[in-house]
Structures are given as C-alpha cells and as structure tokens.
Amino acid sequence: MRTGLPLSVGDLALTRFAVSPMWEVVTSFRALAADPVPEPHRRWAAQVRPRLAAAGLDRGWLADLVPPRGHLPDFLNPVPGEPVTELTGELALVRATGPEQVRRDLDQLRADRRGPLPARLRALEREPAEALGRIAAEIGAYWQLALAPYWSRIRTVLEADVLQRARHAAGAGSAGMLGELHGTVRWADGTLHLSERHCAVTRIATGAGLLLIPSVFAWPRLLTRVVGAETPQLCYPALGAGTVWERRTHPRAEALALVLGRTRARLLTELDTPASTTELAARCGLSPAAVSQHLTALRDAGLASSHRAGRQVLYARTGVADGWLEA
C-alpha cells in the first residue's frame, strides 16, 4: 500500500530527531519474536533469549502486545519530549495513557488477529490503569535483561546517526534528508510518500512537525506512528545498525594494559559482550573474588557498568572504555 504524509512549511521547520528507549524496547521484542531473528541481531538474541525465558518475559504482556507483524500499539511509543529521552520518563507516559487510546489499539490488535484477544489484553481493556502499571513494570524488567547492558553501544550508534542526518539536512535541506531515510520513503510535491505500509497513514492537521527516531532494531522496516494531532513519528533503521553486535578489535589494548595493568585491560576486552563475574573468571583463569575486585575498580573509574539480570549481575564496557580500546 502506498500512502502519503503531507508536510507544511511549519512541519519541515519543526522536524526534529529523538533517541527513544521505548522504540528500542518494541522493535527489539519484535526482532526476538521473528523466526528467524534478523541476521544483524542473532548474536544478541542468543545471549538475551535464555535470560527472558528464565524470567518468563518471553510469554508476558509484551508477547501479547507486540506481535511478529501487524499493528504495534501506539500507547507504547508516546511522543518523546527530549532529544534523548530516558526510559523512566517514557514509562510514565505509558502509565498515563487514556482509556480511549488503549481501546483504539486493542481494537486494531483484535482486527489483526481476526479473533478474540488473549486474557491479559481483555484485562487491559477492562481495567486499563491497573494493567498499564503492570505493563510498565514488565518493560522495566525487560530493559534490564535485554537492553540496559548494551545501551551504551546502542546509544552511540543512534546518536551518530542523528549527527550524520543533521549534517545531510544542512547540505541538502530537510526534504533531501527525508528522501534518504529509507528505501520506502520518497519526498515530492510537499508530501512524504511512504510505500509498503500495512495500513494507511492519515493525519488530522499539519503544523505539528515531524519526529524522526533512529532505531537499531527497526531494520529492515520503516515504522510509523500517527495519532490525531500529535507529532507524527517515523522510526527508521539507524545508519550502522548492523555493526552494533560485530566483534570489535582492540588495537590499543596493549597500551591500555600499561596504564591499567594486564588483568584489568583483559577484562575490558572480554566485555565485548556483557558477562557475569563467574563467566569472566572462567575465561580469564581468575577467582571470582579477584574479578569482582577488578570490576569494581573499573566501574568506579567509569570504564564498566553493572546491570542486574535476574539473579546475576552483568558487567558491560562503557563508551569511554570503547574509545580507549579502539583506534
């Protein structure tokens, strides 16, 4: 299906970018539900799926709300208020969703299923305020297991995309930049033409601007959210999204070892993917107590971060450490 989103001069003037954790929640859960998982994300999925299964998050609210294809509930992706939003702020907006929006989303999910909704979504329909609180709590748990340990790396790619797109707009204008967002997007005659939509994109009024949201997990699709007079959102695959999970080289590891010591430098290189103290001890031939001591020092120095994942604590390398290790 082809559709169009008319943009006024005011819309172009108000076009902006935002980095949204909630869009990464929704698109990453859909990627995990795909069979097979899209190629760029299989290494990540292999690490995350066992954690989600152990916590029961692969069969909870998100499993009912985020189908492998079709409509994504608009209330899960409220309009971000800042260029880089925090998950806590977005979850507050999710919890504050009005019952009318919930009903609209559930009606669309029911139509896509061509049958009755599962029990959890019927509960959401009956008691939206209570259910939205449970949904927000589950999203927070999902974030800690699936995205928080990787967020530094993901956010770096998203912010780099925004910078590159902004430079393109400075040279080619907003219209030129919009036409390069995705292969299904074309700008012509004051309208942003979108092809391969599963449903029509309509807009009540112009003048609200346009919100562009890069995503690591949206690939290969462009996703849209147009709700009444709210600012329309286009969630598109970020440039470099496929590189997030690539194994990285560490050309400066030896130099870093002279500063930090070989053990701590080795631990940082091992944190190419998040790992627990026990895993790192086995890999490096150290005692868990020694690894814990070194990781605490690295965390205090801003080179590592810790994230609770069920009964485990996963350690991840920070963007600062990435910069030190890479040429």
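This one's a predicted model, so the numbers in the text were calculated from it and none came from an experiment.
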Discussion item. Quick check: do Gln108 and Asp74 have side-chain heavy atoms less than 4.5 Å from each other?
Written reply: no
Discussion item. Whether Arg153 and Asp272 form a salt bridge (side-chain N of Lys/Arg under 4.0 Å from carboxylate O of Asp/Glu) is what I want to check.
Written reply: yes
Worksheet entry | Nearest-0.5 Å distance, CG of residue Asp105 to CG of residue Leu65 | 8.5 Å
Worksheet entry | Pair Glu138 + Arg134, salt bridge at N-O below 4.0 Å | no
Worksheet item: Checking side chain to side chain contact (heavy atoms under 4.5 Å, CB included) for the pair Arg225/Ile213: CA distance, chi angles, key distance, verdict?
Response: CA-CA 11 Å; Arg225 181 191 187 274; Ile213 305 203; over 6 Å; no
Fill in: Side chains of Leu280 and His294 in contact at under 4.5 Å (non-hydrogen atoms)
no
Worksheet item: Can you name the closest pair of heavy atoms from Ala316 and Leu271 and give their distance?
Response: C-CD1, 4.1 Å
Worksheet item: Would a hydrophobic clustering, with Ile, Leu, Val, Met, Phe, Trp and Tyr connected at side-chain separations under 4.5 Å, put Val291 with Leu314?
Response: no
Item to complete: Rounded to the nearest 0.5 Å, what's the gap from CD on Gln101 to CG on Leu76? Could you check?
Response: 10.0 Å
Fill in: Heavy-atom pair of closest approach, residues Ala148 and His307
O-CE1, 3.3 Å
Practice prompt. Quick one: do Arg252 and Leu325 satisfy side chain to side chain contact (heavy atoms under 4.5 Å, CB included)? Show the steps, please.
Written response: CA-CA 5 Å; Arg252 297 169 65 183; Leu325 284 165; 5.6 Å; no
Discussion item. For residues Val79 and Val84: do they belong to one hydrophobic cluster (side chain heavy atoms under 4.5 Å, members Ile, Leu, Val, Met, Phe, Trp, Tyr)?
Written reply: yes
Worksheet item: Do Arg42 side-chain atoms and Val37 backbone N/O form a donor-acceptor pair below 3.5 Å?
Response: yes
Worksheet item: Pro78 pairs by side-chain contact (heavy atoms from CB on, under 4.5 Å) with which of Leu93, Val227, Leu91?
Response: Leu93
Item to complete: Starting at CG of Leu210, measure out to OG1 of Thr15 and round the result to the nearest 0.5 Å.
Response: 4.5 Å
Discussion item. Using side-chain heavy atoms (C-beta onward) and a distance below 4.5 Å, is Leu211 in contact with Arg16?
Written reply: yes
Item to complete: Any chance you could measure Arg120, atom CZ, to Trp61, atom CH2, to the nearest 0.5 Å?
Response: 7.0 Å
Worksheet item: Going from CG on Leu121 to CZ on Arg126, what distance comes out if it is rounded to the nearest 0.5 angstrom?
Response: 10.5 Å
Fill in: Backbone of Glu180 reached by a side-chain donor or acceptor of Arg165 within 3.5 Å
yes
Worksheet item: Are Trp143 and Met22 grouped together when hydrophobic residues (ILVMFWY) are joined by side-chain heavy atoms under 4.5 angstrom apart?
Response: yes
Worksheet item: Any idea how Trp44 and Phe217 line up, ring-wise: parallel (<30°), tilted (30 to 60°), or perpendicular (>60°)?
Response: tilted
Worksheet item: Short question: side chain of Gln233, backbone of Asn77 - any donor-acceptor pair under 3.5 Å?
Response: yes
Response to the item:
Closest heavy-atom pair, Ala146 versus Val48, reported as atoms and distance to 0.1 Å, is CB-CG1, 3.6 Å
Worksheet item: Does one side chain, of Glu24 or Tyr150, offer a donor that lies under 3.5 Å from an acceptor on the other?
Response: no
Worksheet item: Closest heavy-atom contact between Asp161 and Leu239?
Response: OD2-N, 2.8 Å
Practice prompt. For the residue pair Pro21 and Thr85, establish whether any side-chain heavy-atom pair is separated by less than 4.5 Å.
Written response: yes
Discussion item. Tell me if a side-chain donor or acceptor on Ser305 pairs with a main-chain N or O of Thr318 at a distance below 3.5 Å.
Written reply: no
Worksheet item: How many angstroms lie between atom CZ of Arg49 and atom CZ of Arg51, to the nearest 0.5 angstrom?
Response: 13.5 Å
Fill in: Donor-acceptor under 3.5 Å (Ser292 side chain, Pro288 main chain)
no
Worksheet item: Is there a donor-acceptor contact under 3.5 Å from the side chain of Arg264 to the main chain of Ala257?
Response: no
Worksheet item: Are Val320 and Leu256 linked, directly or through other ILVMFWY residues, by side chains that come within less than 4.5 angstrom of each other?
Response: yes
Fill in: Asp107 and Arg104 ion-paired at < 4.0 Å
no
Worksheet item: Can you check whether Cys284 reaches Leu267 side chain to side chain, under 4.5 Å on heavy atoms?
Response: yes
Worksheet item: Under a 4.5 Å cut-off applied to non-hydrogen side-chain atoms, are Leu268 and Leu303 in contact?
Response: yes
Practice prompt. Measure across Glu279 and Ser276 and return the closest heavy-atom pair with its distance rounded to 0.1 Å.
Written response: OE1-N, 2.8 Å
Worksheet item: Do side-chain atoms of Asp112 reach the backbone of His71 as a donor and acceptor pair under 3.5 angstrom?
Response: yes
Worksheet item: Do the non-hydrogen side-chain atoms of Leu223 and Trp23 ever get within less than 4.5 Å of each other?
Response: yes
Practice prompt. With the side chain counted from C-beta on, respond yes when Val25 and Leu147 share a heavy-atom pair under 4.5 Å apart, and no when they do not.
Written response: yes
Practice prompt. Apply side chain to side chain contact (heavy atoms under 4.5 Å, CB included) to Thr263 and Arg266, showing your working.
Written response: CA-CA 5 Å; Thr263 299; Arg266 168 74 187 280; 5.7 Å; no
Item to complete: Starting from the C-alpha separation in whole Å, work towards a yes-or-no answer on side chain to side chain contact (heavy atoms under 4.5 Å, CB included) for Leu178 and Leu212.
Response: CA-CA 9 Å; Leu178 290 171; Leu212 306 175; 3.8 Å; yes
Fill in: Basic-acidic side-chain contact under 4.0 Å: Arg95, Glu90
no
